Q: 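Sharing a structure here in structure tokens format.
Counting convention: from 1, in listed order, for ligands and their atoms alike. The residues of the chain are indexed from 1 along the displayed sequence. Not measured: the values here are computed from a predicted model.
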Amino acid sequence: MPIAQTSSIPSFLYGTAWKEDRTAALTELALRSGFRAIDTANQRKHYFEAAVGQGLAAAYAAGIVTRADLFLQTKFTYQEGQDHRLPYDPAATLSVQVAQSMASSLEHLGTDHVDSFVLHGPASHSQWTTADFETWQAMIKERDAGRTRLLGVSNISLAQLQQMARAHAEPPAFIQNRCYARLGWDREVRAFCREHNIIYQGFSLLTANQQVLRHPTIAALAVEMNATPAQIIFAFARQIGMLPLTGTSSAEHMKQDLASLSRELPREAVNTIEALAG
Ligand SMILES: NC(=O)c1ccc[n+]([C@@H]2O[C@H](COP(=O)([O-])OP(=O)(O)OC[C@H]3O[C@@H](n4cnc5c(N)ncnc54)[C@H](OP(=O)(O)O)[C@@H]3O)[C@@H](O)[C@H]2O)c1
């Protein structure tokens with residue numbers, strides 16, 4: 001059975017969004033299936049982080065993994081992205097909100113540190129603002145205090161990344177973006193990441209690219225390689241240097257997604273898929 005990682009940087013992330021009452025059981029199942037990296041957020045609107053912690057605890061109790069085997073990633077989400085179930089005092093400064101959100105995440109996940117702490121998205125759609133500056137500085141403080149190993153930022157454009165790079169001495173370790181094939185699989189942001197030694201995490205690789213998934217080129221490759229179209233997409237993502245996410249709720253798809261790690265597409269096929277839609 002393929003294992004998604006044991007080193008410090010994983011090769012596949014299991015995403016826990018939108019699982020509600022099934023979150024704990026699916027987190028445990030993902031670990032039983034071989035995932036070793038979990039993505040969550042302290043954003044109750046879309047994630048049930050405390051239940052992720054219950055799933056982890058069940059896996060520890062069953063002897064499937066220990067904390068040391070795992071890569072745990074969570075996020076700080078601004079109030080605009082939350083509902084009423086906030087993990088911080090909305091009247092507090094952003095720096096305090098970041099610290100409170102982190103403390104709450106550590107409690108939810110039953111750990112004294114996470115491996116990656118991600119800003120869920122900049123405060124504005126077009127700029128890296130002073131709010132983002134304050135938030136990022138507070139996240140660096142969390143990292144320096146040992147509560148996270150690494151930092152990341154999500155839902156960010158190339159222009160915002162460039163502004164961020166000018167504003168801060170330190171680039172993020174991760175970018176996490178929705179990856180559209182029609183944008184050359186986020187080509188510009190991926191190029192920035194390559195230049196700055198940032199790991200690009202791609203989500204919605206299947207759901208945002210349904211047409212590509214049904215494309216005759218992918219279908220033919222899938223038949224040729226005795227794989228599923230989803231496996232072709234995940235293998236492609238890995239081969240172009242991406243760290244993919246899957247949030248499957250199916251035990252069978254968990255196995256298939258992990259098995260895609262050992263698929264090697266011919267270079268020509270990788271180039272064709274990269275140019276397929278944009
Ligand atoms: N930073 C952000 O703002 C943000 C936003 C969205 C998501 N995320 C993260 O990314 C994770 C993944 O989200 P996502 O948007 O990529 O969608 P997703 O929740 O992973 O949905 C994937 C879809 O693909 C299907 N699927 C997965 N593996 C498959 C396979 N091998 N064959 C066929 N179908 C397969 C799943 O169906 P089955 O369940 O039936 O397999 C599901 O319908 C989330 O859980 C979250 O952690 C982050």
Side-chain angles (χ1 to χ4, degrees), residues 2 4 10 12-20 22-27 29-30 33-35 37-49 51-52 55 71-78 80-82 105 108-109 114-123 125 151-157 160 172 174-181 185-186 189 199-214 218-219 221-222 225-238 242-263:
F12 220 136
L13 282 162
Y14 182 72
T16 58
W18 312 300
K19 297 185 168 52
E20 288 299 321
R22 299 180 70 200
T23 303
L26 286 169
T27 300
L29 181 64
S33 303
F35 285 93
I38 302 289
D39 177 80
T40 186
N42 209 339
Q43 181 203 34
R44 189 58 191 87
K45 187 175 170 185
H46 295 303
Y47 297 79
F48 193 173
E49 193 180 51
V52 172
F71 177 97
L72 300 180
Q73 174 167 279
T74 190
K75 309 185 192 84
F76 170 78
T77 311
Y78 285 123
E80 290 69 29
Q82 304 265 12
S105 287
H108 286 160
L109 298 172
V114 290
D115 296 279
S116 168
F117 189 37
V118 172
L119 173 58
H120 213 150
H125 286 298
L151 296 173
V153 56
S154 182
N155 298 303
I156 190 162
S157 67
Q160 287 171 314
F174 300 108
I175 297 299
Q176 183 183 104
N177 271 3
R178 179 165 279 121
C179 191
Y180 290 103
W185 307 89
D186 215 1
V189 171
I199 294 172
Y200 180 97
Q201 301 182 3
F203 64 85
S204 299
L205 282 161
L206 305 182
T207 48
N209 303 307
Q210 288 295 313
Q211 277 182 331
V212 169
L213 215 56
R214 287 191 296 266
I218 303 290
L221 257 173
M225 297 190 66
N226 193 23
T228 68
Q231 287 180 311
I232 299 292
I233 298 298
F234 285 130
F236 159 76
R238 184 182 49 76
M242 226 183 261
L243 167 49
L245 286 107
T246 176
T248 179
S249 298
S250 142
E252 191 53 34
H253 290 165
M254 285 184 191
K255 283 190 207 131
Q256 289 176 359
D257 293 354
L258 284 173
S260 72
L261 292 175
S262 49
R263 299 284 176 157

Q: Is there a nitrogen or oxygen of Arg178 sitting under 3.5 Å from a nitrogen or oxygen of ligand 1?
A: no
Q: Could you tell me if any non-hydrogen atom of Thr228 lies under 4.0 Å from any atom of ligand 1?
A: no
Q: Polar contacts were defined as any N/O atom of the residue lying under 3.5 Å from an N/O atom of the ligand; does this apply to Thr248 and ligand 1?
A: yes
Q: Is there at least one pair of N or O atoms, one from Gly247 and one from ligand 1, spaced under 3.5 Å apart?
A: yes
Q: Would you say Phe203 and Leu13 make side-chain contact, with heavy atoms under 4.5 Å?
A: no
Q: Suppose I only count heavy atoms of Asp257 and a 4.0 Å limit; which atoms of ligand 1 are within that range?
A: 27 (C), 28 (N), 29 (C), 30 (C), 31 (N)
Q: Among protein heavy atoms, which sits nearest to atom 48 (C) of ligand 1, and what does the distance come to when rounded to 0.1 Å?
A: Gln176 OE1, 3.2 Å
Q: Would you say Lys75 has any N or O atom under 3.5 Å from an N or O of ligand 1, going by distance alone?
A: no
Q: Classify the contact between Thr207 and ligand 1 as side chain, backbone, both or neither, using a heavy-atom distance cut-off of under 4.0 Å.
A: side chain
Q: Does Leu109 offer a backbone N or O that forms a donor-acceptor pair with the side chain of Glu49 under 3.5 Å?
A: no
Q: So, regarding Ala17 and ligand 1 (criterion: nitrogen or oxygen to nitrogen or oxygen, under 3.5 Å), is there a contact or not?
A: yes
Q: Just to verify, which of Thr16, Val118, Val114, Asp115 counts as forming a side-chain contact (heavy atoms from CB on, under 4.5 Å) with Gln73?
A: Val118
Q: Counting heavy atoms not belonging to Arg263, are there more than 12 under 6.0 Å from its CZ?
A: yes
Q: As an exercise, identify every atom of ligand 1 less than 4.0 angstrom from a heavy atom of Asp39.
A: 9 (C), 46 (C), 47 (O)
Q: Once rounded to the nearest 0.5 Å, what's the spacing between atom NE2 of His120 and atom NE2 of His46?
A: 7.5 Å
Q: Side chain, backbone, both or neither: which part of Asn155 has a heavy atom under 4.0 Å from ligand 1?
A: side chain
Q: Is the closest protein non-hydrogen atom to atom 28 (N) of ligand 1 under 4.0 Å?
A: yes
Q: Suppose I only count heavy atoms of Gln256 and a 4.0 Å limit; which atoms of ligand 1 are within that range?
A: 31 (N)
Q: Which ligand 1 atoms are under 4.0 Å away from a heavy-atom of Leu206?
A: 24 (O), 26 (N), 27 (C), 28 (N), 29 (C), 35 (C)
Q: Is atom 5 (C) of ligand 1 in close reach of the protein, with a heavy atom under 4.0 Å away?
A: yes
Q: Would you say the side chain of Met242 lies within less than 4.5 Å of the side chain of Leu205, judging by non-hydrogen atoms?
A: yes
Q: Please work out, at 4.0 Å between heavy atoms, whether the side chain, the backbone, both, or neither of Ser154 comes within that distance of ligand 1.
A: side chain
Q: Atom CZ in Phe12, atom CZ in Phe234: separation rounded to 0.5 Å?
A: 4.0 Å
Q: Using a 4.0 Å cutoff against the non-hydrogen atoms of Ser250, which atoms of ligand 1 qualify?
A: 41 (O)
Q: Flag Gly15 as yes when one of its N or O atoms lies below 3.5 Å from any N or O atom of ligand 1, and as no otherwise.
A: yes
Q: Of the non-hydrogen atoms in Lys19 and Gly247, which two are nearest, and what is the gap between them?
A: NZ-O, 2.8 Å
Q: Near His120, which atoms of ligand 1 are under 4.0 Å from a heavy atom of that residue?
A: 1 (N), 2 (C), 3 (O)
Q: In terms of relative ring orientation, are Tyr14 and Phe35 parallel, tilted or perpendicular, with 30° and 60° separating the classes?
A: tilted
Q: Return yes when Trp18 approaches ligand 1 closer than 4.0 angstrom through a heavy atom, no otherwise.
A: yes
Q: Which heavy-atom pair separates Met225 from Ile232 by the least distance, and what is that distance?
A: SD-CD1, 4.2 Å
Q: Between Asp39 and Gln176, is the side chain to side chain contact (heavy atoms under 4.5 Å, CB included) condition met? List the steps.
A: CA-CA 11 Å; Asp39 177 80; Gln176 183 183 104; 3.1 Å; yes
Q: Can you list the atoms of ligand 1 that are under 4.0 Å from a heavy atom of Ala230?
A: 30 (C), 31 (N), 32 (N)
